[in-house]
Amino acid sequence: HLASSLPLPSERDHLRPRIDLIVFMIDITSKYSLKNVETSLAYVDASFFLGKVCFLVTGVGRVNACSIETNAVCKLGDTYCSPVLFCELELEGTRIATAQRLVRMLGICAGHIRGVSALSFVSLMRKSDDD
Amino acid sequence: EKADPQKTAFLLRKAWTLYSVTPLYRFRRARLREYARLLGAFIAAEKQKGLAVEVGVELDIKVALSSLADLRGSELDQAALLVQLSSRSRASSRNSEDKPVWSGWFCSVFGDDLSKNVPENFTCLPLFLTHGAESYTSLVGSWFQKTFDCCFRRLAISPLNLSWMVAMWAGCKLDRAASAVELVFSVPRLSQPLDISYAIHPEDAKALWDTVQKTPGEITQEEVDVFMDCLYAHFHRHFKIHLSAAKLVKVSTAVASAHCDGIVKILQSQYLPGVLMLLTELAISQIQ
């Protein structure tokens, strides 16, 4: 399901299937996309931040079109304990690899993989000096 | 360090194309005359080969290399190196003046980040600025690359760096009336390209920056973000357009203007070192 911002329209709540993973897409050439994601985050239930949220930064192939500092995005990932993936959609190779990665993550979040749950992502996010 | 304004006057009000240059190997300041002669011979030879730069008129290109001792940040920086190409038409009389045809200069303003890590025998002048025909730029560049084993790359300026520049320069104090602060945005993904030009009264821009900046002389990314967000919010209030979703391609202030393709024009001599310091930093980060 694709949405340009949150919250999702409430009229369709009863028709919507369970949401297993939320991928927030940030275009590195658009400051607006970062602001949009930051405001949308407020509408996400806290339980999602246990491994069911990830940030996908696109457009990273074009270093000279950066409107956002990568530090700002990484800080966002840290604040919300969620992974940050970087990808360049225009390049087929990385686009496919990223899509496969997201599908694998989705499978884990939906509980389709035995022995691994979304909570595993959270423990992977913790830095070694936390322990 | 203040450069002599008379010597540096020729740098102002010209559009300079920016390049980053890796350190020059075995460059000797004492041999400038010889280098000028060699470069002149190289250009003449290339023209003989048929890579003519000017069609029709027969031109002799004279090369002059000089050092600009004042153009540097600290004693750790190398003095700037100026390359000037001038022409004298063979048809005109012997007393006719040489016409400047192309100029380029290498400089380093507070470029210690690069120079401190570089072995001896290497001269660090990471910023290269050119004005004149692209064909001369590539001739001069090729000669320097062959002679000093260095590498030139066009220096593009990202929207992030452009917003840093406009915030810094809009906040500069100026004696006389300043021109408007202008930001030009290009809107992507439309069937026909659209450019939006946003002009702000210079006093309003400076007043805004003064409320944002906490410590004079210091600028943080947060302060630049707040400054830009205010400008975007103001524009959105009036036109319902999110400039933050567009690409910032050019900024103009009374101090200097910069374009994302790596073209800069410096208008005020008192801020020349500051602008060059910022550009040197960009050049160094492109090299590293």
Side-chain angles (χ1 to χ4, degrees), chain A residues 2-9 22-44 55-80 84-92 94-95 98-99, chain B residues 18-20 153-167 183-190 196 198 219-233 235-236 239-251 258-263 282-283 285-288:
Chain A
L2 218 53
S4 59
S5 69
L6 293 179
L8 296 174
I22 305 180
V23 180
F24 286 100
M25 295 184 64
I26 300 170
D27 181 356
I28 214 167
T29 65
S30 165
K31 192 110 182 273
Y32 174 71
S33 72
L34 179 62
K35 281 257 143 33
N36 190 18
V37 163
E38 283 171 345
T39 21
S40 297
L41 279 163
Y43 294 98
V44 176
F55 297 99
L56 178 64
V57 183
T58 63
V60 297
R62 279 161 281 146
V63 176
N64 293 324
C66 263
S67 292
I68 306 174
E69 257 206 325
T70 29
N71 278 347
V73 185
C74 292
K75 238 171 58 173
L76 196 65
D78 283 344
T79 310
Y80 288 94
V84 181
L85 302 180
F86 293 89
C87 141
E88 174 51 77
L89 293 177
E90 314 254 319
L91 295 175
E92 192 179 345
T94 144
R95 189 174 68 228
T98 306
Chain B
L18 306 175
Y19 296 81
S20 66
R153 265 180 68 196
R154 272 297 287 265
L155 184 64
I157 307 177
S158 68
L160 198 56
N161 288 317
L162 284 176
S163 49
W164 197 275
M165 287 173 188
V166 73
L183 297 95
V184 180
F185 295 83
S186 115
V187 185
R189 293 185 281 274
L190 290 180
I196 299 177
Y198 182 12
I219 303 182
T220 65
Q221 182 64 52
E222 284 82 27
E223 288 167 352
V224 173
D225 287 342
V226 169
F227 179 76
M228 295 303 289
D229 285 344
C230 286
L231 297 182
Y232 292 148
F235 196 86
H236 182 253
F239 300 103
K240 299 285 174 269
I241 294 177
H242 288 287
L243 285 178
S244 51
K247 182 184 175 192
L248 181 57
V249 295
K250 183 176 174 191
V251 298
H259 187 280
C260 62
D261 288 342
I263 301 170
L282 289 183
S285 55
Q286 182 164 282
I287 293 170
Q288 286 177 333

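Proteins get letters first, then strands, A, B, ... in listed order; numbering begins at 1 in each.
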message = Would B:F235 and B:I196 count as a side chain to side chain contact (heavy atoms under 4.5 Å, CB included) here? Give the steps.
response = CA-CA 11 Å; B:F235 196 86; B:I196 299 177; 3.7 Å; yes

inquiry  = Ignoring hydrogens, what is the shortest heavy-atom contact between A:I68 and A:S33? Give both atom names and the distance.
reply    = CD1-OG, 4.4 Å

ask   = When heavy-atom pairs shorter than 4.5 Å are enumerated against chain A, which of B:L243, B:D229, B:I157 gives the highest number?
value = B:D229

ask   = Are the side chains of A:L76 and A:F24 in touch, meaning some heavy atoms are under 4.5 Å apart?
value = no

request  = Decide whether B:N161 and B:S158 meet the rule of one side-chain donor and one side-chain acceptor closer than 3.5 Å.
outcome  = yes

note = Pair count under 4.5 Å, heavy atoms only, with chain A: among B:Q221, B:Q286, B:M228, highest is B:Q221

note = Applying a strict 4.5 Å limit to non-hydrogen atoms, the region of A:D27 in contact with chain B is side chain

message = Counting only non-hydrogen atoms closer than 4.5 Å, does B:L162 touch chain A with its backbone (N, CA, C, O), its side chain (CB onward), both, or neither?
response = neither

